[in-house]
Amino acid sequence: MEWLIQLRQIKRQWIYLCLAVLVSIPLFLKIRLPFFVGPQAKGLYEAVKNLPEDKVVLLAMDWGAATKGESMWQAQAIIEHLFKEKKPFVILGYDIQGPQLSEELAEKLAKKYHKEYGEDWFNVGFITGGLPLLLRMAKNFQATFKQDSVERKPLSALPLARKIRDINDIGLIINVTGSGTYGDWITIQTTYKVPLAVACTAVITPDLYPFLDSKQLIGMLSGLKGAAEYEALIKGSHRETTLKMMMSQSMAHLLIIILIVLANIGLYMERRRRRSG
């Protein structure tokens, strides 16, 4: 019985060692756990696929290095789908790093799909001004953003930018975020009825379900799992790197569950010993 009581006092060094071993296993061995694509990811996928040809997608990239482990894979999957479906898009963002990191992803994927900057996509870059700026953009896109952030050209010099006069030319807004910036975009959606989807870190996910239920969001990607779900939809099979990371994450969750169970067993046995004297 004493060894069962000791389960409450496992040294942290052993826990860290177990965690390191478990998260490393899927990186070297082919391990597959059951994986399903949820309706939230399917909602975003269908919205992109059914977007009218005369509409442009607005990518609000509000993420940075702190959430790169989740947000980058989401952004990459979304940008690849847009190129694949020949849907033009604009990048901008509240986070100073988000538009720059997304630009690097877009440039890499543009070569793969033979897309041209200025015709198939362009980057407005880091924006400030919050909701008032977005409301101004909704009424007059050209006057709000006078130049792009890559070539530093007036928007009138970019063929794709000339097609965007106001919010009526935007067919879908996708906010990739590691914080609470989705609130401003929900206000834009509520005001102008533009379809909106959010790709967020897993910790934000519970806050967004009420907006999914009210149909203010047409789709959502939750953390790394959301990125893996979206990749499964656009490719028909999972990307090896993302799937391995998902399996590592699942192993870490499994260890936490096992430790909670062991600690409770130890607590139960200790109380039982006290009662028996």
Side-chain angles (χ1 to χ4, degrees), residues 37 40-63 67-68 70-93 95 97-126 141 145 148-151 153 155 157-164 169-177 185 194-200 218-221 224-243 245:
V37 178
Q40 297 84 14
K42 289 179 181 175
L44 174 55
Y45 175 80
E46 292 297 330
V48 170
K49 200 170 182 60
N50 298 325
L51 191 72
E53 291 184 359
D54 60 334
K55 299 293 184 182
V56 178
V57 177
L58 190 64
L59 294 183
M61 296 301 197
D62 303 324
W63 60 281
T67 63
K68 191 175 179 180
E70 294 175 282
S71 303
M72 185 188 75
W73 301 104
Q74 296 172 337
Q76 180 170 283
I78 291 168
I79 291 172
E80 181 155 18
H81 191 206
L82 292 172
F83 278 146
K84 198 173 183 179
E85 293 290 335
K86 301 177 181 176
K87 309 295 184 186
F89 62 88
V90 183
I91 294 173
L92 52 76
D95 191 297
Q97 296 177 323
Q100 185 177 353
L101 294 170
S102 302
E103 178 187 314
E104 294 173 2
L105 295 173
E107 285 179 339
K108 184 175 68 175
L109 291 167
K111 294 178 182 175
K112 177 180 178 182
Y113 289 95
H114 308 292
K115 299 297 180 183
E116 295 293 330
Y117 182 80
E119 294 184 4
D120 301 296
W121 69 285
F122 67 93
N123 186 7
V124 172
F126 170 60
F141 189 89
F145 308 117
D148 74 304
S149 67
V150 177
E151 298 178 349
K153 290 181 177 179
L155 291 192
L158 303 177
L160 178 58
R162 288 199 294 269
K163 297 178 181 178
I164 309 174
D169 296 315
I170 303 295
L172 174 65
I173 299 170
I174 305 174
N175 184 206
V176 182
T177 179
W185 293 108
V194 181
L196 171 66
V198 173
C200 61
I218 51 89
M220 177 181 71
L221 301 185
L224 190 60
K225 183 175 184 296
E229 289 177 334
Y230 207 75
E231 286 184 353
L233 287 168
I234 63 175
K235 295 175 180 301
S237 61
H238 307 302
R239 179 175 290 175
E240 197 64 22
T241 304
T242 311
L243 192 58
M245 293 170 66

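Side-chain contact between Glu80 and Lys112 is present, with heavy atoms from C-beta onward closer than 4.5 Å. No side-chain heavy atom of Ile164 sits under 4.5 Å from any side-chain heavy atom of Phe145. At a threshold of 4.5 Å between non-hydrogen side-chain atoms, the residues Lys163 and Asp169 do not count as touching. With contacts defined as side-chain heavy-atom distances shorter than 4.5 Å, the pair Lys115/Lys86 qualifies. Between Glu229 and Gln40 the shortest side-chain heavy-atom distance does not fall below 4.5 Å.
Other residues, nucleotides and ligands contribute over 12 non-hydrogen atoms within 6.0 Å of the CD atom of Glu104.
Counting only N and O atoms by type, the side chains of Asp120 and Tyr113 include no donor and acceptor under 3.5 Å apart.
Below 30°, between 30° and 60°, or above 60°: for Tyr45 and His81 the angle between ring planes is below 30°, a parallel geometry. Ring geometry, Phe83 versus Trp121: the interplanar angle exceeds 60°, so the pair is classed perpendicular (tilted spans 30 to 60°).
Evaluated for a side chain to side chain contact (heavy atoms under 4.5 Å, CB included) with Ile78, the options Ile234, Val48, Leu221 yield exactly one hit, Leu221. The only member of Val90, Leu58, Asp148, Leu59 that meets side chain to side chain contact (heavy atoms under 4.5 Å, CB included) when paired with Val124 is Val90.
The salt bridge (charged side-chain N to carboxylate O under 4.0 Å, His left out) check on Lys49 picks up Glu85, with sequence neighbours excluded. Shown here are the side-chain hydrogen bond (donor to acceptor under 3.5 Å, both in side chains) partners of Glu103, two or more places apart in sequence or in another chain: Asn123.
A salt bridge is absent between Glu107 and Lys111: the closest approach of a Lys/Arg side-chain nitrogen to an acidic carboxylate oxygen does not fall below 4.0 angstrom.
We find the CG-CE distance between Leu101 and Met72 to be 9.0 Å, quoted to the nearest 0.5 Å. Here CZ of Phe122 is found 13.0 Å from NZ of Lys153. Values are rounded to the nearest 0.5 Å. The structure places SG of Cys200 at 7.0 Å from CD of Gln74, a figure rounded to the nearest 0.5 Å. Here the straight-line distance linking atom CG of Asn50 with atom NZ of Lys87 works out to 7.5 Å at 0.5 Å rounding. Here Asp54 contributes atom CG and Leu51 contributes atom CG; the two are 8.5 Å apart, rounded to the nearest 0.5 Å.
Annotation for Gly118 and Pro159: closest pair O-CD, 3.3 Å, computed over non-hydrogen atoms. Scanning both residues, Gly93 and Pro99, for their nearest heavy atoms gives N-CG, 3.6 Å. The two residues Ile79 and Ser102 make their nearest non-hydrogen contact at CD1-O, 3.8 Å. Nearest heavy-atom pair, Glu151 versus Leu158, reported as atom, atom and distance to 0.1 Å: OE1-CD2, 4.1 Å. Summarising the geometry of Lys55 relative to Pro88, their closest heavy-atom pair is O-CG, 3.8 Å, with the distance given to 0.1 Å. Heavy atoms only, all atoms of each residue included: Ala106 and Phe89 are closest at CB-CZ, 4.4 Å.
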For Val198 and Trp185, run side chain to side chain contact (heavy atoms under 4.5 Å, CB included): C-alpha distance rounded to whole Å, both residues' side-chain angles, the deciding distance at 0.1 Å, then the answer. CA-CA 9 Å; Val198 173; Trp185 293 108; over 6 Å; no
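Side chain of Thr67 to backbone of Trp63: no donor-acceptor contact under 3.5 angstrom is found.
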